[in-house]
Structure formats: C-alpha cells, structure tokens
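The figures here come from the full heavy-atom set of this structure, side chains too, leaving out hydrogens, waters and symmetry mates. Every chain is numbered from 1, with letters handed out A, B, ... down the list of sequences.
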2 protein chains.
Amino acid sequence: MQTVDKALSLLSYFSEQRPSVGLSELARLSGFNKATTRRFLVALEKHGIVEQDATTRSYRLGAGLLRLARVREATNPVAAIVQPVLNDLVSVTGETAHFSLYAGGSLATVGLSESAKSSRVMLGKGEAIPLHATASGLAYLAFARPAITDRVLSKALPAFTEHTVTGADKIRRQLSSVRKQGVAVARNTFEDGVCGIAAPVFDSDGFACGTVAIAAPAARAQRKVIASVQPEVMRAANEISLAMGAEPRSG
Amino acid sequence: MQTVDKALSLLSYFSEQRPSVGLSELARLSGFNKATTRRFLVALEKHGIVEQDATTRSYRLGAGLLRLARVREATNPVAAIVQPVLNDLVSVTGETAHFSLYAGGSLATVGLSESAKSSRVMLGKGEAIPLHATASGLAYLAFARPAITDRVLSKALPAFTEHTVTGADKIRRQLSSVRKQGVAVARNTFEDGVCGIAAPVFDSDGFACGTVAIAAPAARAQRKVIASVQPEVMRAANEISLAMGAEPRSG
DNA sequence: AATCATCGGTTCATTAAATGAACCGATAAG
DNA sequence: CTTATCGGTTCATTTAATGAACCGATGATT
C-alpha cells in the first residue's frame, strides 16, 4: 500500500522546528514529485490531518489530529500506563518519581508519584523544568533532535545554584556522557539539597520526547544508591516509551 | 488520490464509543473489501496512526497521533486561539467565560477568562462539569453524538440544588429546545445563585466536542441581559469550532 | 523596467499500484 | 460434529497514481 505509505510519510517532516512547510520544499524534502506531493496534501487536508495557511499557502499539521488524539487519550490514556509505572518506581526506589514531556522550550511534568517519606522532594504538575540545570533536562537534551539541543545551548544559560553548569561546552561534554550511560544524574544544580536521576522517553520519531526521573534529597543519594536506582529509572522510561509509540529497544 | 482518502476515512470509525474495532467489522462499516481494509490498516499502523492489540487482534487509534497532536499544539496551540476569544467574551459580557472539552463522561474546563467584577463566578481549570445540571452540559448533550446523550440520560442523575432537573424525559425536552436555539441557559441548577449560558463547540466530526460558556451571578442575569449575551457566546463558540477543525457554518 | 528564479498549482500520456473473489487455518457457538 | 465468523493471504484483473512539462504569480536582481 505504497501510496498511503508515501502520503503518511509526509507527516514526519513536520516538527516543532518546522511547524509549516511549502509545497515545493516538502516535495524536495520527501523526494516526491511536486504534483504527487500536492495530491497527498489535498487528501490529508480533507481529513483534517494537515491544513493550509490561507495567507502563506504553506501546510501545517491540522486540527483533526487533536480530535483523534483526544479519542485515543479518552480510550487509552497515557496516564493509565504512566501512573502505575511511576508508582512502581516509587515503591522500588522510595523517592518521588515524575514523567515530563517537552513542549515550548522546556519540560513540563505531566505525571507524578510522590514518595511516602516525610523528607521528600515536592514537585508540582505543570511546572516548567529548565533543561540545562536538571537531570530531566540533561536526559532530554542528550537524546533530543540536535536542532533543539543546539538552540537551547546557544542561549544564555542562567545559574540556579553555585553548582549549576552554565558553559555550553561543558554541558555538551555532560550530554556525551549521558548518551553513553543512558541516564543523567544532577546534584544541587537546580535546587540545593536535591539530586535527580533521569532517563529519556522516546516516541515514534526516534528522538526523545520527554523523560522519567526520580528526585531525592541529596543526603540520601549516595553513589551506591544512585547505582541501584539508575536501571530502575531506565526500565520505567523504556516502558513509557513503548506506550508513547517507540519501537521496542533491542537487548 | 482516492486510495489515501479511503485509508484515512477509516479513522472516522474510531470514537470514544468504539475505541477498537476488528478487521472484518471495519471492512463492513467502511464498505471496503477485507483485504483492502487490512492493507490500509497495515499502512496506518506503520506510521503509528493505528495500532493492533496483540491479544484481541483488533485495531485502535495509535500513539503516533499523540506525537503529531503535540507538534500541532506546540506550534499552533488551541489556547492561542481560545484565550483571546474568551477574553473578548469577558470584555463584552462582563462575566467569567470558559471553554470545556468532553472527556471520560464529563466536561473539563481547559480555557478560562475571569470577570474583573468583584462579584463573579469562580471556576477552576480541570474541574469536571456534570452534564445534566449545567448550561455547558446541556449545550454539549444537545449536539453530542446520540449514543453519548443516551448513555448519560440512562444513568441516575443526581440533584445538586432543588432546581436540578433529574428526569431524563424532561431533560430531553430541554435538549430539544437547546438544539432549536443553539444555546443553553441554566439557572441555579448546579449551584444556587449561578446562571450559565453555553453554546456547543464542534470539531471535524460534526458532533459537539465541547462548549463555550459564561457564568454570572444569577442576580445579574435578567432576561434582557441573557438575550444580549447569547449571540456573543454563540459567536465565540463558532470561532473556537473553526480552530478545532469544524467546517465553516453557513449563514 | 526587464529579466530571472522560484513559488503554488495543473494536465494527460504513461506507468504503476490497488483491488477483491476465493481461499486458508483458527476459534467459538450451537 | 457442524456451522459461522474471525484475521489473514493470493494473484489475475482492474483501477489509480505518476511526473515531465507547462502555467500565472511573485519577489529578487540587474
């Protein structure tokens, strides 16, 4: 069913970095003939999957996707999968766990399970998480689409504590290490006394779309504790990735 | 581009009432040959648009839609359209305005603009709104997919105030009137002292997906005030409907 | 002002893909 | 045991898709 395949493959050229694209450019990107590309776009537009801007004539993802995503969410909510995974993670590690999605230049916590301990890290849903200064942020940037990482690191990076790394070069080295290890650890970089351990969450496009993390008081986060928590965070992130439509990981 | 058209038309058979569907049933519903339907589903699945349940072998909408919806939202947020519309509505009417989407058996407020008046109705984002006892609920049910309305009205309907209508037959007559007028008014039915005026919001499937409403202290909601507010609420609902992918209304 | 490049969009002879009746094994109901 | 229906597959036949060449419009360059 090659024709449907080709038409749907056009959707992968839309991203947060490329929210809209003209007909000729999309034909070039996809390698399809301009006439063929236009026919695909007309068919996608008919079903609300894309829409054409009346002024610029360029195409963007359409509002019909919102409805389909709402039906999907209503009947198969990500939360239904995420919440048990986060609860498990809290049971196993004893610390607060959260799941965040990238949107509009930062991560936003959309799933949360809190530790039962009286001394625990408090997080709020919807809070924006700075990317360069948190374990979640670093875990995301290490596996995000490179254009996003480049853009974040090209801006001025504020310090939140005296331990915050603000140099782009040094952060890039940290990201390289995170990629190798598959997990990010950040201690006292956003808030004194807090240690975060985070792994990236992927969806169907192969790049990170969010993270799973636990947050612990730094006093409890000794090296051997961190070593035992890391695989649990990675397991949880992988499980949520599958729910987000990622391909199963080998190994 | 008939083939792409047909493939995408399969997506309209998924709904909150029919979250999953088998191959043969989908072929019957769509009128396509079973072999053809399967080829379409395989192509849609490849791009994450649908996915097949490993146990039941039935198909449902896929996680890939969530990613596309997130890209769409990140770059063209509904809130960017909704918020100015709600702010306008507050300017014109002087009362708190809110936009709600239907999900999981109730409406949830997802957009809000509050009146500047010290005596005003307070609403919270994310609050579940009962369907039979509010203007928003009635505006939604009047234009929702009939299976939803039937299901809501087949359940026991609790009273919130002494003015709450709880009889299904009486509510159906109210809904009939709402359909004629295009707007619902509810006074003291959910909370004493509060009057709501609501209109349905549509998306691309032709049925209501949510509502726009204003909420005013009942003491300010005299008949002539209500008469002047109704067209403003309908105008706002229509504008948001277009952003949600509805076809433009004639007239 | 004229020229050039590229845009979105269209056409129709040519090429390729889609189609669906018939068939299969598996499973559940009677 | 029989029947009905499921998901899935095949290949001769039918139908749709394709893309080079073309169009008018627009913006940049000379």
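Atom CZ in Arg28(B) sits roughly 12 Å away from atom C1' in dG7(D) (whole-Å rounding). Phe32(A) has its CZ atom 17 Å from the P atom of dG8(C), to the nearest Å. Per the geometry, CZ belonging to Phe40(B) stands 9 Å off P belonging to dA18(C), to the nearest Å. Atom CZ in Arg57(A) sits about 9 Å away from atom P in dG8(C), given to the nearest Å. Distance CG (Leu23(A)) to P (dC23(D)): 19 Å, rounded to an integer number of Å. Whole-Å rounding puts the Asn33(B) CG to dA18(C) C1' distance at 11 Å. Put simply, NZ on Lys6(B) is 11 Å from P on dT15(D), counting in whole angstrom units. When rounded to the nearest whole Å, the span between CG of Leu29(B) and P of dG7(D) equals 12 Å.
Distances shorter than 4.0 Å separate none of the side-chain N or O atoms of Gln2(A) from OP1 or OP2 on dT15(C). The phosphate of dG9(C) (OP1 or OP2) has a side-chain N or O of Arg38(A) nearer than 4.0 angstrom. Residue Arg39(B) places none of its side-chain N or O atoms closer than 4.0 Å to OP1 or OP2 of dG7(D).
Mapping Tyr59(A) and Thr3(B) onto DNA chain C by nearest heavy atom places Tyr59(A) at the nucleotide closer to the 5' end.
Counting only heavy atoms from C-beta on, Met1(A) has its side chain closest to dA18(C) among dG20(C), dA18(C), dT10(C). The nucleotide whose nearest atom lies closest to any side-chain atom of Ser24(A) is, among dG20(C), dC7(C), dA20(D), dC7(C).
If you look at Phe207(B) and Phe143(B), their ring centroids are not closer than 6.0 Å.
Side-chain N/O atoms of Lys34(B) and base N/O atoms of dG20(C) include no donor-acceptor pair closer than 3.5 Å.
A salt bridge does not link Arg28(B) with Glu25(B): none of the charged nitrogens is closer than 4.0 Å to a carboxylate oxygen.
Using a distance-only test at 3.5 Å, with no hydrogens or angles considered, no donor-acceptor pair links the side chain of Thr211(B) to the main chain of Ala213(B).
Across Ala97(B) and Leu89(B), no two heavy atoms sit closer than the pair CB-CD2, 3.9 Å.
For the salt bridge (Lys or Arg N to Asp or Glu O under 4.0 Å) with Asp150(B), the qualifying choice from Arg172(B), Lys155(B), Arg145(B) is Arg172(B), the only one to do so.
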